[in-house]
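Everything numeric in this text was worked out from a predicted model, so none of it was measured. Indexing begins at 1, ligand by ligand and atom by atom, following the structure's order. Along the sequence shown, residues carry numbers from 1.
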Amino acid sequence: MCGIVGYIGREQAAPVLLEGLSRLEYRGYDSAGVAVFDAEAGTLAVHKAKGRLQVLSEQLHGGADLNSTMGVGHTRWATHGAPSDINSHPQVSHSGRIAVVHNGIIENYAELKAFLMAQGVPFTSETDTEVVAQLIEYFYEGDLLAAVGRVLRRIQGAYALGILCADCPDRIVAVRKDSPLILGYGEGCSLIASDVTAILGHTRRVGYMEDGELAVLTRESIQCYNHLMQPIEKKIVTVDWELDAAEKGGYEHFMFKEIMEQPDALRRCLSPRIREGDIMFEDLSLSQEFLQNMRRIYIVACGSSCHVGMVGKYHLERLTRIPVEVALGSEFRYMDPIVDRHTLVIVISQSGETLDTMAALREARRLGGRILSIVNVVGSSIARESNQVLYTWAGPEIAVATTKAYTTQLALLSLLALWMARRLGAVSGEEFQAALAAFQELPGKMEEVLSRRDSIQYLASRYFNHDSIFFIGRNLDYALGLEGSLKLKEISYIHSEAYAAGELKHGTISLIEDGTLVVALSTYGKLFSKAMSNVIEVKARGADVLSLTVESRGEEMRHTADGVMSIPDIHELLLPCLGVVPLQLFAYYVALMRGCDIDKPRNLAKSVTVE
Ligand code: F6R
């Protein structure tokens with residue numbers, strides 16, 4: 001959601017900015033823009049366009065038209081003001097001296113705008129960001145940093161800012177509060193970006209800005225300041241993500257590439273943690289005393305990450321007998337949660353930047369809970385604010401619809417459940433070893449499922465024309481259905497709902513009529529016969545049933561369902577992790593056949609950094 005790139009160096013800046021923005025496209029946006037310092041004219045040149053980045057890039061001939069070695073760029077996901085050229089960023093002060101790119105929301109912008117307008121400052125856009133540019137100009141008396149400092153004392157909300165001033169051809173100022181911004185330390189250049197993929201082509205040496213920090217970037221160095229404007233040293237870390245991991249590498253879509261990468265992502269996630277017949281969480285320090293006195297577990301997340309939490313609840317409660325509550329990040333703060341020092345709060349987030357999840361984390365910490373996060377993006381805000389972090393090591397996930405991050409989150413949470421159960425003496429050595437062996441078999445079994453993708457493509461070709469689909473399942477299969485349904489609807493735009501199969505009779509079954517597609521999930525062996533009854537029930541009302549089950553039950557299901565997808569039999573802890581793959585593929589092929597924009601579905605953003 002909104003992407004920022006800034007560059008100051010010796011190369012032409014505009015092509016660097018456009019390339020960086022193209023790597024941030026996946027975050028979701030509806031317009032794009034760049035501002036560069038034009039050394040000949042001594043002014044800022046600003047170019048913006050509504051729509052795809054391609055439009056801007058064509059207008060600027062790939063950036064070759066702009067002769068400048070410093071600038072900032074932005075992809076905007078509209079909040080204040082419709083998507084339009086005028087509302088796009090960079091936003092510029094009325095004299096044209098200050099240009100600002102912004103990710104986040106300035107909550108008190110209306111009051112500040114009224115104040116500035118009363119002073120005669122003319123406004124051109126509807127954005128909250130223009131207020132920041134105008135306010136900097138208002139306070140500017142020749143010292144950019146001082147003016148920015150005065151503005152920061154007045155604005156409220158969440159922001160990452162990149163700021164240019166026509167009087168300062170040797171610097172970019174960056175600020176961060178509650179929205180991600182990283183610093184890139186290149187050879188003869190300095191960069192800012194919303195995430196690391198945007199600058200990997202220039203440097204792997206990055207620094208993570210903390211809330212309230214400012215940075216002044218010059219060609220030679222980056223100086224950081226804390227909120228009191230005192231100079232601080234920033235730790236530089238070297239990122240090990242490869243640039244090609246964030247490229248399509250011959251695949252038509254990132255989503256498909258990421259589906260296919262899942263076995264390797266799982267190996268990266270699990271292998272270092274399963275050794276010598278045990279689970280080694282070297283990155284975890286939950287004492288035996290804490291575990292034994294733990295009274296409750298909350299799992300907090302949004303969207304697909306929350307679906308991981310639903311599966312986790314079943315596993316954790318079954319294995320440890322400790323009560324687990326799953327809460328949406330957006331609801332947690334408002335439900336008066338019962339958290340104390342005996343509560344473990346597991347926060348799940350691919351990006352590590354989801355604002356609602358972050359706010360829930362802070363609330364849980366304030367209440368005294370112990371925060372353990374499961375995160376993909378190293379150094380992200382959620383990772384940094386947690387007591388403990390388990391990284392999924394899935395590599396960069398670019399497609400908006402999550403796949404490999406989901407399966408690695410799920411595998412890791414399931415492994416954590418098993419680890420806790422073992423530490424609490426709730427599973428026998430034999431049960432523990434059997435489960436561990438299943439984790440080791442998981443990537444291979446997933447490869448098998450992926451190798452049979454043609455059969456799923458065929459099923460997609462039979463059903464892609466439906467305009468309403470129901471997913472039903474019980475227990476683990478219900479949680480799996482929630483994710484299967486979300487995957488399908490978000491990329492194919494088909495209306496789809498997931499129901500606990502037993503709940504269907506309490507209302508929704510009235511929607512089932514001749515030809516309605518019901519995807520019936522029955523991988524969980526203990527409830528297979530119940531699942532079968534529900535299949536018969538909906539068939540009796542005319543539904544077309546596509547079933548997902550395990551191979552050992554495939555034959556039985558084939559007698560009743562109209563189509564059957566199957567996965568190899570596996571330990572119940574890993575059923576949803578394996579079972580989601582045919583559902584991801586089904587969603588992918590359906591969306592492909594409907595001609596949808598698979599990697600960037602309408603209205604969606606990869607990293608949701610507003611409430
Ligand atoms: C759906 C999807 C979203 C995310 C949600 C949380 O495919 O990707 O539902 O799961 O926006 O994002 P993270 O995990 O980054 O906190």
Side-chain angles (χ1 to χ4, degrees), residues 1-2 26-28 77 178-180 194-195 197 253-256 258-259 262 265 299-312 326-332 345-362 371 373-386 389-392 394-410 412-413 471 479-493 496 498 580-581 583-588 591 596-611:
M1 207 169 243
C2 296
Y26 76 95
R27 295 168 68 91
W77 191 88
D178 292 339
S179 276
S194 297
D195 76 44
T197 49
H253 296 102
F254 278 112
M255 184 181 176
F256 189 65
E258 288 158 9
I259 290 175
Q262 291 179 106
I299 304 180
V300 181
C302 297
S304 293
S305 297
C306 196
H307 298 158
V308 169
M310 297 280 292
V311 177
V326 182
L328 290 165
S330 52
E331 289 293 316
F332 183 79
V345 181
I346 302 176
V347 176
I348 307 175
S349 176
Q350 185 285 128
S351 61
E353 301 292 350
T354 302
L355 197 97
D356 283 321
T357 309
M358 183 72 198
L361 180 160
R362 288 181 178 162
I371 316 291
S373 61
I374 295 181
V375 173
N376 190 37
V377 178
V378 176
S380 53
S381 305
I382 288 176
R384 282 178 297 134
E385 294 205 17
S386 303
V389 189
L390 291 176
Y391 283 112
T392 45
E397 190 178 68
I398 307 294
V400 164
T402 182
T403 52
K404 63 176 178 172
Y406 174 89
T407 40
T408 48
Q409 285 169 349
L410 194 48
L412 202 46
L413 183 57
F471 284 71
L480 175 59
L482 289 169
E483 178 59 9
S485 169
L486 178 62
K487 228 45 343 148
L488 183 76
K489 74 182 121 192
E490 67 181 329
I491 61 167
S492 73
Y493 314 144
S496 152
V580 78
V581 177
L583 303 182
Q584 295 169 342
L585 286 167
F586 183 71
Y588 173 78
C596 298
D597 188 352
I598 293 181
D599 285 337
K600 297 186 222 79
R602 67 184 178 211
N603 304 335
L604 287 177
K606 180 71 179 162
S607 176
V608 183
T609 50
V610 296
E611 224 181 302

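Glu397 places no side-chain N or O within 3.5 Å of a backbone atom of Glu258 that could act as its donor or acceptor partner. Between the side chain of Gln262 and the main chain of Ile259, a donor-acceptor pair closer than 3.5 Å is present. For Asp599 (side chain) and His253 (main-chain N/O), no donor-acceptor pair under 3.5 Å exists by modelled atom type. When atom types are taken as modelled, the side chain of Lys487 and the backbone of Thr402 share a donor-acceptor pair closer than 3.5 angstrom. Judged by distance alone, with hydrogens and angles left aside, the side-chain atoms of Asp356 form no donor-acceptor pair with the main-chain N or O of Glu331 at under 3.5 Å.
Of all the atoms in ligand 1, the ones that sit under 4.0 Å from a non-hydrogen atom of Val400 are 8 (O).
Only the side chain of Glu490 comes within 4.0 Å of ligand 1, judged by heavy-atom distances.
For atom 11 (O) of ligand 1, the nearest protein heavy atom (residue, atom name, distance) is Val608 CG2, 4.2 Å. With respect to atom 6 (C) of ligand 1, the closest heavy atom belonging to the protein is Cys302 O, 3.3 Å. Protein heavy atom nearest atom 10 (O) of ligand 1, with residue, atom name and distance: Ser304 N, 3.2 Å. Of the protein's non-hydrogen atoms, the one nearest atom 15 (O) of ligand 1 is Ser351 OG, 2.7 Å.
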When you look at Leu480 and Leu583, which way does the side chain to side chain contact (heavy atoms under 4.5 Å, CB included) test go after all the steps? CA-CA 9 Å; Leu480 175 59; Leu583 303 182; 3.9 Å; yes
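Ranked by closest heavy atom to atom 16 (O) of ligand 1, the top entry among Val308, Val375, Thr402, Thr354 is Thr354.
Distances shorter than 4.0 angstrom do not occur between any heavy atom of Val377 and any atom of ligand 1.
The shortest N or O to N or O distance between Lys487 and ligand 1 is under 3.5 Å.
A salt bridge links Arg362 to Glu385: one of the charged nitrogens lies within less than 4.0 Å of a carboxylate oxygen.
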